[in-house]
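Notes to accompany the following structure.
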Protein chains: 2
Amino acid sequence: MSSETRLSSTSYIVLGLLDAAGEATPYDLKQTVANGLGAFWSVPHAQVYAEPERLAAGGYLSERREEEGRRRRYYRLTPAGQQALREWLAEPTDEMTELRDAGMLKVFFGADPKQMAAAQLPARRRKVAEYEALVEQIAGVAPPGVVLSLRAGIGHEREWVRFWSLVEQGEEP
Amino acid sequence: MSSETRLSSTSYIVLGLLDAAGEATPYDLKQTVANGLGAFWSVPHAQVYAEPERLAAGGYLSERREEEGRRRRYYRLTPAGQQALREWLAEPTDEMTELRDAGMLKVFFGADPKQMAAAQLPARRRKVAEYEALVEQIAGVAPPGVVLSLRAGIGHEREWVRFWSLVEQGEEP
DNA sequence: GGGTACATGTAATCAGTTACATGATTTA
DNA sequence: TAAATCATGTAACTGATTACATGTACCC
């Protein structure tokens, strides 16, 4: 275990996914992120390979490598990894992420709001529809937290639709 | 001008602020970000010093340095910088930022939603109150885009309050 | 049996974060 | 005048992004 292994959100995503999967390769994790979590917190391809290596070096994961063929790497949680995840889950947070919305940033610096509304609305409406279809599929079968985060996503996309619709109509949002 | 200077959101923030300020030091920019923009898109201290240097190397800014005392660096837009900013502003975007909310991430992986709601609600309510006070102060005097982005922030914080309130009451959000 | 798409990684670069450092100004 | 705080940066590190590269399976 190297001297200091800082655990970032990316780290906990890997730990959380491996906790659910039992044992998995980076590629498995990539797939899992793509189906679900990635909608509100994606992890780029290369990180999904780099992060388990870091975590293994820190003692949070054990690694088993195929001897032949593709020489895939299989990871699973060590007791230290399980404990780190449990502690992180048990600690509620009041941290608030910044909006960091690219369209809003342009408007802040003087871009035309109505034009921005016209560009944003179709994409936002598509997202709402997509998420609503998805939530119907998974409600009841997926873990409650997964459904909740999807509902959070729907709420925020609807808020954007509300906001840009008013802007489009020249009303005060 | 070095071969390739990629312009990121941080770059455009620096360009946008300098466009409004005329001429400014990194420290001036830091202050300006702290009052307003930083609420929905902050830029860390060290970046505010590093980015103008990069932009100057790329030909987007000109630099003038005090000969004495603190040897402050004063930056201003070059014509290339003005054009880059104008083009960026003129191009609407349908890009959608991921939520990346730390509390939701924990709930996704199994943290207790009610406990998270209890931690989140006070902070979210404070933000709403703070923003609402601020918008009353600046409405009418600040540029419209600045007011709009503040209203966007209010909308999203209210959405979080709505969401976590329902979770707290055990209802479906 | 040749092309295309999926699977599985590595390497290089770049941006963002943390930590450190020092001069100037205000206040006790 | 000593202490505290504001102003102004630099350096080192680490994590994230982009680009590259190759093997395998499937399909036409």
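Letters A, B, ... are given to chains in the order of the sequence lines, protein chains preceding strands, and every chain is numbered from 1.
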Looking only at heavy atoms, what is the nearest atom pair of [X] and [Y], with distance?
X: A:Ala84; Y: A:Leu15; result: CB-CD1, 4.4 Å
X: B:Leu105; Y: A:Ser9; result: CD2-CB, 4.2 Å
X: A:Asp101; Y: B:Glu95; result: OD1-O, 4.3 Å
X: B:Val167; Y: B:Ala117; result: CG1-CB, 4.1 Å

| said: Please check if the number of heavy atoms outside B:Glu136 that lie under 6.0 Å from its CD is greater than 12. | reply: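 No.
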| Nearest-nucleotide comparison on DNA chain C, the residue closer to the 5′ end among A:Arg6 and B:Thr10 | B:Thr10
| task | When you get a sec, tell me which of D:dT10, D:dA16, C:dA15 is the closest nucleotide to the side chain of B:Gln47? | result |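 Output: C:dA15.
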| task | Can you figure out which of C:dT10, C:dG9, D:dT8 approaches the side chain of B:His45 most closely? | result |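 Given the options C:dT10, C:dG9, D:dT8, the side chain of B:His45 is closest to D:dT8.
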Between [X] ([atom1]) and [N] ([atom2]), how many Å, whole number?
X: B:Trp41; N: C:dA15; atom1: CH2; atom2: P; result: 15 Å
X: B:Leu29; N: D:dT8; atom1: CG; atom2: P; result: 11 Å
X: A:Glu98; N: C:dG16; atom1: CD; atom2: C1'; result: 13 Å
X: A:Tyr75; N: C:dG9; atom1: OH; atom2: C1'; result: 11 Å
X: A:Gln31; N: C:dC6; atom1: CD; atom2: P; result: 10 Å
X: A:Tyr49; N: C:dG9; atom1: OH; atom2: C1'; result: 6 Å
X: B:Tyr12; N: C:dA15; atom1: OH; atom2: P; result: 13 Å
X: A:Lys30; N: D:dA16; atom1: NZ; atom2: C1'; result: 16 Å

| field | Of A:Ala46 and B:Glu53, the one whose closest DNA chain D nucleotide lies more 5' | value |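 Result: B:Glu53.
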Respond yes when some side-chain nitrogen or oxygen of [X] is under 4.0 Å from OP1 or OP2 of [N], and no when none is.
X: B:Arg54; N: C:dA15; answer: yes
X: A:Tyr27; N: C:dA7; answer: yes
X: B:Arg73; N: D:dT10; answer: yes

| query | Which part of the nucleic acid does A:Thr25 contact within heavy-atom distance under 4.0 Å: base, sugar-phosphate only, or nothing? | reply | nothing
| Within the structure shown, what part of the strands sits under 4.0 Å from B:Ser8 by heavy-atom distance: base, sugar-phosphate, or nothing? | nothing
